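Ligands are counted one by one from 1 in listed order, and the atoms in each one are counted from 1 as well. Everything quoted here is computed from the prediction, not taken from an experiment.
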Amino acid sequence: MLRVRRPAVTCAAAFAVFASVVTASIAHAQSRPLSIRFAESHEFEADEREFLVALAQQCGQALERAHLLTAERAARTEAEDANRAKMEFLATMSHELRTPLNAIGGYAELIEMGVRGPVTALQRHDLQRIQRSQEQLLSLINDVLNFAKLEAGKVEFNTRAIDVRETVDALEPLLAPQLAAKQLTLQSVDRTTTVMAIADEDKLRQVLLNLLSNAVKFTPDGGQIILSCAHDERQVYVRVQDTGIGIPTQYLGRIFDPFVQLERRLTNVVSGTGLGLAISRDLARAMGGDVTVESAPGSGSTFTVALKKAE
Ligand code: ADP
């Protein structure tokens with residue numbers, strides 16, 4: 001009840017009431033008990049009261065919003081600092097792991113070549129296994145290092161107008177051993193015309209190799225992979241289509257998140273970090289493009305790299 005003794009309204013009194021109601025609104029906003037105090041006695045008219053209360057409530061809400069904004073900014077800065085520390089750790093760790101791994105690969109190769117003396121067939125077989133595992137581990141570590149660099153904004157891009165078709169045509173020989181191991185066919189369609197896009201050629205090659213090696217990994221023996229280029233007025237599209245196991249709809253939105261992989265029982269594939277697609281999409285986006293997917297279990301997957309078309 002705003003019932004007081006002295007009838008005259010003074011500015012000081014009005015301000016005091018106003019300030020008290022503001023305090024009350026803030027207290028209310030922060031779920032503390034509501035309290036109203038008066039500096040001077042005064043009986044307010046209903047419309048004065050209504051006005052002051054409405055004004056006070058709006059100030060209270062504004063202050064509450066300011067309070068939330070400050071808290072949100074502090075939380076964001078904290079999360080960014082934590083993310084930076086994580087990325088720096090990943091970059092340092094991957095770098096440190098690569099040096100001894102390269103030595104393991106190098107010495108295994110020396111022994112296999114017979115530089116240290118004769119090697120039996122059984123030893124050669126084991127040495128080749130060491131080399132394959134070393135290569136696999138190195139590629140996982142490279143993924144982590146690449147991802148950490150990308151997230152830290154430490155990757156430089158040399159974007160210019162390139163002929164996408166040339167980049168696409170140069171990929172087949174790089175994949176030949178993986179394709180042969182699984183009797184997969186790679187068909188490259190629409191070879192004839194030049195398609196110019198704005199891209200960093202090395203980064204585009206890295207994106208397409210990631211998508212192609214996933215297609216190889218997730219397509220059963222004897223399957224088919226189709227590489228195609230298309231364009232419209234604004235964009236160039238490179239598609240990697242496979243006849244593989246496909247991806248259930250509920251996972252489509254998440255497979256581009258770092259470290260996300262479908263459950264092993266669904267894919268039957270053990271290698272990988274779950275970083276390939278995250279890296280590919282980051283690279284494509286940094287070039288002004290994107291990577292998207294369409295897929296359904298049992299009907300294969302189509303990954304599309306979109307790039308800006310060169311004038
Ligand atoms: P990785 O291949 O190292 O597991 P990626 O980020 O490249 O990581 O892929 C994330 C996940 O998306 C894979 O583990 C797999 O479950 C799914 N995936 C990617 N490409 C395909 C594909 N062509 N067919 C089916 N599943 C795929």
*Atom pair CG (Asn210) and NZ (Lys217), whose distance is rounded to the nearest 0.5 Å*: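 Reported to 0.5 Å precision, the distance equals 9.0 Å.
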*Out of Tyr251, Phe147, Phe218, Phe259, whose heavy atom is nearest to atom 22 (C) of ligand 1?*
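Going through Tyr251, Phe147, Phe218, Phe259 one by one, Phe218 has the nearest heavy atom to atom 22 (C) of ligand 1.
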Quick one: which ligand 1 atoms are inside 4.0 Å of a heavy atom on [X]?
{"X": "Leu275", "answer": "6 (O), 8 (O)"}
{"X": "Ile255", "answer": "10 (C), 12 (O)"}
{"X": "Leu277", "answer": "5 (P), 6 (O), 7 (O), 9 (O), 10 (C), 12 (O), 19 (C)"}
{"X": "Lys217", "answer": "1 (P), 2 (O), 3 (O)"}
{"X": "Gly274", "answer": "1 (P), 3 (O), 4 (O), 6 (O), 8 (O)"}
{"X": "Gly276", "answer": "5 (P), 6 (O), 7 (O), 8 (O)"}

*Check Asp143 against ligand 1 and report side chain, backbone, both or neither, counting heavy atoms closer than 4.0 Å.*
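Neither part.
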*List the atom of Val207, the atom of Ala284, and the distance in Å for their closest heavy-atom pair.*
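That closest heavy-atom pairing would be CG2-N, 4.5 Å.
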*Which atoms form the tightest heavy-atom contact between Tyr237 and His231, and what is the distance?*
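Closest approach of Tyr237 to His231: CD1-CA, 4.1 Å.
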*Hey, what else clusters with Leu145 if you join Ile, Leu, Val, Met, Phe, Trp, Tyr whenever side-chain heavy atoms sit under 4.5 Å?*
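In the cluster with Leu145 there is nothing else; it is isolated.
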*Is any N or O atom of Ile247, backbone or side chain, closer than 3.5 Å to an N or O atom of ligand 1?*
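Looking only at distances, the answer is no, because the N/O contact criterion of under 3.5 Å is not met.
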*Can an N or O of Phe303 be found at a distance shorter than 3.5 Å from an N or O of ligand 1?*
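Min N/O separation from ligand 1 is not below 3.5 Å for Phe303.
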_contact_flag Gly244 ligand 1 heavy-atom lt 4.0 Å_ =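 The answer is no, since Gly244 has no heavy atom less than 4.0 Å from ligand 1.
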*Find out whether Phe157 and Leu283 are in side-chain contact, i.e. whether some heavy atom of one side chain is under 4.5 Å from a heavy atom of the other.*
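Phe157 reaches Leu283 side chain to side chain.
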_If you define the side chain from C-beta out and look only at heavy atoms, does anything of Lys308 sit under 4.5 Å from Thr159?_
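No - every pair of side-chain heavy atoms lies 4.5 Å or more apart.
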*Quick one: does Lys203's side chain have a donor or acceptor within less than 3.5 Å of a partner on Glu156's backbone?*
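Indeed, once roles are kept as given, a pair shorter than 3.5 Å links the two residues.
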_Ignoring hydrogens and geometry beyond distance, is a side-chain donor-acceptor pair present between Gln131 and Glu109 at under 3.5 Å?_
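No donor-acceptor contact under 3.5 Å links the two side chains.
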